[in-house]
Amino acid sequence: MSGKSLNHRYIPGLDGIRALAVLAVIAYHFNFSWARGGFLGVDIFFVLSGYLITSTMLPLKGNQLTVSLKKFWIGRFRRLLPAAYVMIITSFVWAMLFHKELLHTLRGDALSSIFYSSNWWFIFHKLSYFDSFGSPSPLKNLWSLAIEEQFYVIWPLLLMIGLYVVKKQSKLAKIVFIGAICSALLMAILYQPGADPSRVYYGTDTRCFELLIGCWLALIWPMKRLSSQKLSINHMKKLNSISFISFTIFLVSIMYVDEFQTFLYRGGMFLFCLNAAVLIACVCHPVSILGRILAWKPLCWIGSRSYGIYLWHYPVMVLGTPIHEIGNPSYWRIALQLVLIVTIAECSYRFIEMPIRKEGFWAYYRKYFVFNKKKWGSLTFSRKVSTVMAPLFLLVFFTGITGVVGEGQQSSKDSYPTAIKINGDEPTANPIKEPDKTTDNPSPSKEEEVDVPDIETPKPEEHETNVVPEKEDAYQNILAIGDSVMIDIATSLHKVFPNITIDGKIGRQVSQAVKLAPNYASFNQSNNAIIIQLGTNGYFTNDQIDTLLAAFAHADIYLVNTRVPRSWEGKVNASLLQKSEEHENITLIDWHAAALNHPEYFAPDGVHLEKKGVEVLTNLIQQSINK
């Protein structure tokens with residue numbers, strides 16, 4: 001392979017695309033309602049990465065790469081590793097000092113992030129991109145960088161082999177596009193509607209089609225060959241028209257697409273990436289009007305620092321936001337966090353990313369970290385600070401990562417039952433220590449029956465609505481199906497309704513309750529009541545909730561809506577409200593309104609209930625049933 005220098009031009013419009021992509025991701029993570037599809041900004045980054053990396057390596061003629069593998073990999077390491085490692089170490093040290101309850105989850109996240117395997121780590125530990133109860137991991141956004149780094153290691157080798165075997169770039173482009181289709185098909189096959197999509201969302205195998213689409217674009221639309229010469233007026237008009245159409249599709253997708261749509265994982269994301277490729281192709285052409293618009297200096301400034309902004313926005317948000325505000329943003333806090341994110345990103349760009357990128361690791365180390373006491377007095381302030389703070393941060397990091405420093409009290413309960421079933425007067429539970437990272441069906445290593453702890457029958461406070469006396473035509477039987485919140489209130493409900501049957505399980509989704517419903521077919525009678533408390537762990541499809549409700553069509557159904565600091569809260573509650581309005585036998589219990597401004601009802605994870613929350617929710621259910 002040739003050792004020639006890279007031969008590509010700087011395109012300011014691409015920085016504009018980067019800026020819009022990173023702003024979309026940040027808006028999504030801040031839970032702005034107008035950026036429901038902001039997570040698609042990552043797809044833009046993937047397509048753009050595939051295009052730029054392949055473009056810089058392709059030869060103008062022949063089948064030899066423009067740059068050696070060694071030079072390419074060193075360049076990528078200089079560009080990506082230093083800033084990411086500084087963020088990982090700083091976030092970990094901050095958590096050690098101020099959020100020790102995160103350490104039991106953060107150690108594994110940090111180690112996997114250092115080795116750029118965090119996407120598979122999160123899949124293995126079932127950590128959802130769209131949820132993690134308790135404080136989310138401040139390093140969760142590094143899953144995308146892990147996929148990119150894995151791509152940077154493998155793709156140059158595949159490209160070199162492909163050019164050697166296939167010879168013609170046009171034929172290689174077809175093979176690459178087929179590979180992209182295969183990856184998208186794998187995503188469609190593995191995706192299960194109504195279940196958490198994180199396996200297909202994090203997987204390198206199910207997301208590589210986005211990078212491959214960028215690689216395909218580089219093979220059929222080489223950046224080095226784009227020229228405004230010999231381009232007719234008609235072709236210029238077509239290119240500009242297409243660019244604005246694709247840009248409109250991009251903006252509409254960011255505003256209206258959400259992560260719960262089945263179509264997204266069964267072709268929608270693939271089509272979005274194809275549109276992104278069209279947008280990038282148009283912006284790269286010298287005659288593009290949109291390219292000149294996206295070259296606006298403020299956008300270019302953000303785009304050039306988009307890597308640092310993406311790195312730092314998530315830890316700043318997670319470590320600086322109270323758990324009860326997740327999903328319900330406080331705008332003054334967001335403003336402060338944005339200022340902090342941009343400030344840190346600028347420092348990262350000026351003092352870490354660019355110096356190492358230009359000078360290399362060794363020259364940077366000698367400039368900022370080699371200690372010479374004879375020259376201490378002549379050193380600049382920044383040099384003195386870096387010389388002192390860097391070893392201290394590394395020392396604290398290594399003591400924390402090795403477990404030398406103990407963890408703080410975990411935010412979750414020390415012992416929390418995985419599931420609970422109460423049949424009349426015979427309550428039983430299967431206890432297990434609450435899982436570290438997720439509520440999605442943890443598997444208990446040991447099951448044993450224990451007595452459910454007594455909880456006093458709730459009594460309304462003076463300012464609360466008095467409990468309505470039990471009506472004369474009381475239900476013969478009551479069935480309650482729910483998730484971990486149902487487990488919290490199970491004993492309290494049992495005291496209020498001695499004839500109640502309760503089935504609660506951590507992580508239960510509506511899709512799982514649909515399979516459970518036939519076991520309780522005997523409750524589907526007009527003199528029975530069904531309490532359904534689901535939606536804490538994620539959204540569900542309309543067909544799923546309809547199927548569950550149809551299983552108890554003859555009984556009176558009471559739907560408890562959700563108060564959970566997650567992005568799907570509003571969509572879940574809107575669906576439950578709609579069902580209560582569509583059917584006369586369905587009543588909505590508005591737990592969300594009762595708990596919205598009462599963080600004291602909840603445990604530190606923002607989901608499970610404290611004693612006060614148990615009392616209030618039990619009262620709400622009792623009042624609704626006794627009306």
Undergrad: Using the ring of Tyr256 (Phe, Tyr or Trp, six-membered ring only), decide whether Arg36 places NZ or CZ under 6.0 Å from its centre and within 45 degrees of its axis.
TA: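 Relative to the ring axis of Tyr256, which defines the angle, Arg36 lies outside at least one limit.
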Undergrad: With a sphere of 6.0 Å drawn around CD of Glu359, does it hold more than 12 non-hydrogen atoms of other residues, nucleotides or ligands?
TA: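 Count over threshold, so yes.
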Undergrad: Are any non-hydrogen side-chain atoms of Lys171 and Ile175 less than 4.5 angstrom apart?
TA: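 Of all side-chain heavy-atom pairs linking Ile175 with Lys171, none is under 4.5 Å.
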Undergrad: Parallel, tilted or perpendicular for Tyr265 and Tyr191, by the 30°/60° rule?
TA: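 Parallel, since the angle between the ring planes stays under 30°.
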Undergrad: Just by modelled atom types, is the Gly400 backbone N or O under 3.5 Å from a matching donor or acceptor in the Arg107 side chain?
TA: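 Side chain of Arg107 to backbone of Gly400: a pair is present.
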Undergrad: Does the Thr105 side chain pair with the main chain of Leu102, one donor and one acceptor, at a distance under 3.5 Å?
TA: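 The answer is yes, because a donor-acceptor pair under 3.5 Å joins these two groups.
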Undergrad: So, taking the atom named CZ in Phe250 and the one named CZ in Phe272, what distance separates them when rounded to the nearest 0.5 Å?
TA: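 The distance works out to 5.5 Å.
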Undergrad: Does a side-chain heavy-atom distance below 4.5 Å link Met317 with Phe30?
TA: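 The answer is yes, as the side chains (C-beta and beyond) meet within the 4.5 Å cut-off.
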Undergrad: More than 12 heavy atoms of other residues, nucleotides or ligands under 6.0 Å from CH2 of Trp296: yes or no?
TA: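 Result for CH2/Trp296: open.
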Undergrad: How are the rings of His313 and Tyr310 set to each other: parallel, tilted or perpendicular (split at 30° and 60°)?
TA: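 Taking Tyr310 first and then His313, their aromatic rings sit tilted (interplane angle of 30° to 60°).
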Undergrad: Is it true that a side-chain atom of Gln509 and a backbone atom of Asn537 form a donor plus acceptor pair closer than 3.5 Å?
TA: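 Yes, because the side chain of Gln509 sits within donor-acceptor range (under 3.5 Å) of the backbone of Asn537.
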Undergrad: Kindly give the heavy-atom pair with the smallest separation between Ser113 and Leu139, and that separation in Å.
TA: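 Taking Ser113 first and Leu139 second, the nearest heavy atoms are OG-CB, 4.1 Å.
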Undergrad: For a quick test of reading the model, state the closest non-hydrogen atom pair linking Ala84 to Tyr116 and the distance between them.
TA: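 Minimum heavy-atom contact is CB-OH, 3.5 Å.
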Undergrad: Could you tell me whether Trp94 atom CH2 has more than 12 heavy atoms of other residues or ligands within 6.0 Å of it?
TA: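 Result for CH2/Trp94: open.
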Undergrad: Quick one: does any side-chain atom of Ser575 pair with a main-chain N or O of Lys571 as donor and acceptor, under 3.5 Å?
TA: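 Not confirmed, Ser575 side chain does not pair with Lys571 backbone.
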Undergrad: Donor-acceptor check, side chain of Trp221 to backbone of Trp216, threshold 3.5 angstrom: yes or no?
TA: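 Answer holds: no.
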Undergrad: Against the six-membered ring of Tyr164, is Lys167 placed for a cation-pi contact (under 6.0 Å from the centre, within 45° of the normal)?
TA: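 Ring-cation test returns yes.
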Undergrad: How many angstroms lie between atom CZ of Arg207 and atom CE of Met187, to the nearest 0.5 angstrom?
TA: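 Between atom CZ of Arg207 and atom CE of Met187 there are 5.0 Å.
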Undergrad: Please report the shortest heavy-atom distance between Cys300 and Ala295, naming the atom on each side.
TA: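 Minimum heavy-atom separation between Cys300 and Ala295: SG-O, 3.3 Å.
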Undergrad: Would you check, one step at a time, whether the test side-chain contact (heavy atoms from CB on, under 4.5 Å) holds for Ile181 with Phe270?
TA: CA-CA 8 Å; Ile181 292 175; Phe270 182 81; 3.9 Å; yes
Undergrad: To the nearest 0.5 Å, what is the distance between CD1 on Ile401 and CG on Leu111?
TA: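 Here the interatomic distance stands at 4.0 Å.
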Undergrad: Pair Tyr152, Ser49 - check side-chain contact (heavy atoms from CB on, under 4.5 Å), show working.
TA: CA-CA 9 Å; Tyr152 293 147; Ser49 293; 3.6 Å; yes
Undergrad: Grab the two heavy atoms, one from Leu106 and one from Ser91, that are nearest each other, plus how far apart they are.
TA: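 Closest pair (atom of Leu106, atom of Ser91, distance): CD2-O, 4.4 Å.
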Undergrad: For Arg305, does its backbone N or O pair with a side-chain atom of Glu353 as donor and acceptor, under 3.5 Å?
TA: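 Not at all, since once roles are kept as given, no pair shorter than 3.5 Å links the two residues.
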Undergrad: Evaluate the side-chain proximity of Trp312 to Val86: yes if any heavy-atom separation is below 4.5 Å, no if none is.
TA: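 Contact flag for Val86/Trp312 side chains = yes.
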Undergrad: Looking at Arg350, I want to see if its CZ is surrounded by more than 12 non-hydrogen atoms of other residues, nucleotides or ligands under 6.0 Å.
TA: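 It does not: Arg350 CZ has 12 such atoms or fewer within range.
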Undergrad: Hey, are the side chains of Leu159 and Leu58 touching, using non-hydrogen atoms and a 4.5 Å cut-off?
TA: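 When only atoms from C-beta onward are counted, Leu58 and Leu159 do touch, with a gap below 4.5 Å.
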Undergrad: CG/Asp258 to OG/Ser33 distance, rounded to the nearest 0.5 angstrom?
TA: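 Result: 12.5 Å between the selected atoms.
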Undergrad: When you compare the side chain of Phe45 with that of Val22, does any pair of heavy atoms fall below 4.5 Å?
TA: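 Yes, close enough: below the 4.5 Å cut-off.
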Undergrad: In sequence, state the C-alpha distance, the side-chain angles, and the governing distance for Asn119 and Gln150, and then conclude on side-chain contact (heavy atoms from CB on, under 4.5 Å).
TA: CA-CA 10 Å; Asn119 61 320; Gln150 293 159 25; 3.0 Å; yes
Undergrad: Starting from the C-alpha separation in whole Å, work towards a yes-or-no answer on side-chain contact (heavy atoms from CB on, under 4.5 Å) for Leu20 and Leu294.
TA: CA-CA 9 Å; Leu20 295 176; Leu294 293 177; 3.9 Å; yes
Undergrad: Check whether any side-chain heavy atom of Ile352 lies under 4.5 Å from a side-chain heavy atom of Tyr364, and answer yes or no.
TA: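 Counting from C-beta outward, Ile352 and Tyr364 do come under 4.5 Å.
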Undergrad: When you measure from the side chain of Tyr349 to the backbone N and O of Ser306, does any donor-acceptor pair fall under 3.5 Å?
TA: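 The answer is no, because no donor-acceptor pair under 3.5 Å joins these two groups.
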Undergrad: I'd like to know whether His235 forms a side-chain hydrogen bond (donor to acceptor under 3.5 Å, both in side chains) with Ser232, so could you lay out the CA-CA distance, the side-chain angles of the two residues, the decisive distance to 0.1 Å, and finally the verdict.
TA: CA-CA 5 Å; His235 283 123; Ser232 67; 2.7 Å; yes
Undergrad: Please determine which of Trp143, Tyr201, Tyr202 meets the ring-ring contact (aromatic ring centres under 6.0 Å, His included) test together with Phe122.
TA: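 Only one option passes, and that is Tyr202.
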Undergrad: Between Ala173 and Ile220, which heavy-atom pair has the shortest distance, and what is it?
TA: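 Nearest pair, atom of Ala173 first, then Ile220: CB-CG2, 3.6 Å.
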Undergrad: What side-chain donor-acceptor pairs closer than 3.5 Å can you find for residues 337-345, not counting sequence neighbours?
TA:
{"residue": "Gln337", "atom": "NE2", "partner": "Gly320", "partner atom": "O", "Å": "3.1"}
{"residue": "Gln337", "atom": "NE2", "partner": "Thr321", "partner atom": "OG1", "Å": "2.9"}
{"residue": "Thr343", "atom": "OG1", "partner": "Val339", "partner atom": "O", "Å": "2.7"}

Undergrad: Mind listing the closest non-hydrogen atom pair of Ser288 and Val283 along with its distance?
TA: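 Ser288 and Val283 have their closest heavy atoms at OG-CA, 3.8 Å.
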Undergrad: Looking only at atom types and distance, does a side-chain atom of Thr56 sit under 3.5 Å from a main-chain N or O of Ile53, one as donor and one as acceptor?
TA: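 Checking the backbone N and O of Ile53 against the side chain of Thr56, a donor-acceptor pair under 3.5 Å is found.
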Undergrad: Say you draw a straight line from CE of Met223 to NE2 of His285; how long is it, rounded to the nearest 0.5 Å?
TA: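 One finds 12.5 Å between CE of Met223 and NE2 of His285.
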Undergrad: Is any side-chain heavy atom of Tyr85 closer than 4.5 Å to a side-chain heavy atom of Ile114?
TA: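 They are in side-chain contact.
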Undergrad: Between the main-chain N or O of Val564 and the side-chain N or O of Glu569, is there a donor-acceptor pair closer than 3.5 Å?
TA: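 Here the side-chain-to-backbone pair exists.
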Undergrad: Specify whether Phe151 and Trp155 have parallel, tilted or perpendicular ring planes, treating 30° as the upper limit for parallel and 60° as the lower limit for perpendicular.
TA: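 Ring orientation of Phe151 relative to Trp155: parallel.
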Undergrad: With heavy-atom distances below 4.5 Å as the criterion, would you say the side chains of Glu210 and Met269 are in contact?
TA: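 Contact flag for Glu210/Met269 side chains = yes.
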Undergrad: Once you round to the nearest 0.5 Å, how far does CG of Leu14 lie from CG of Leu48?
TA: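 So the gap between those two atoms works out to 5.5 Å.
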Undergrad: Within the side chain of Ser243, is there an N or O that forms a donor-acceptor pair under 3.5 Å with the backbone of Leu279?
TA: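 Such a contact is absent between Ser243 side chain and Leu279 backbone.
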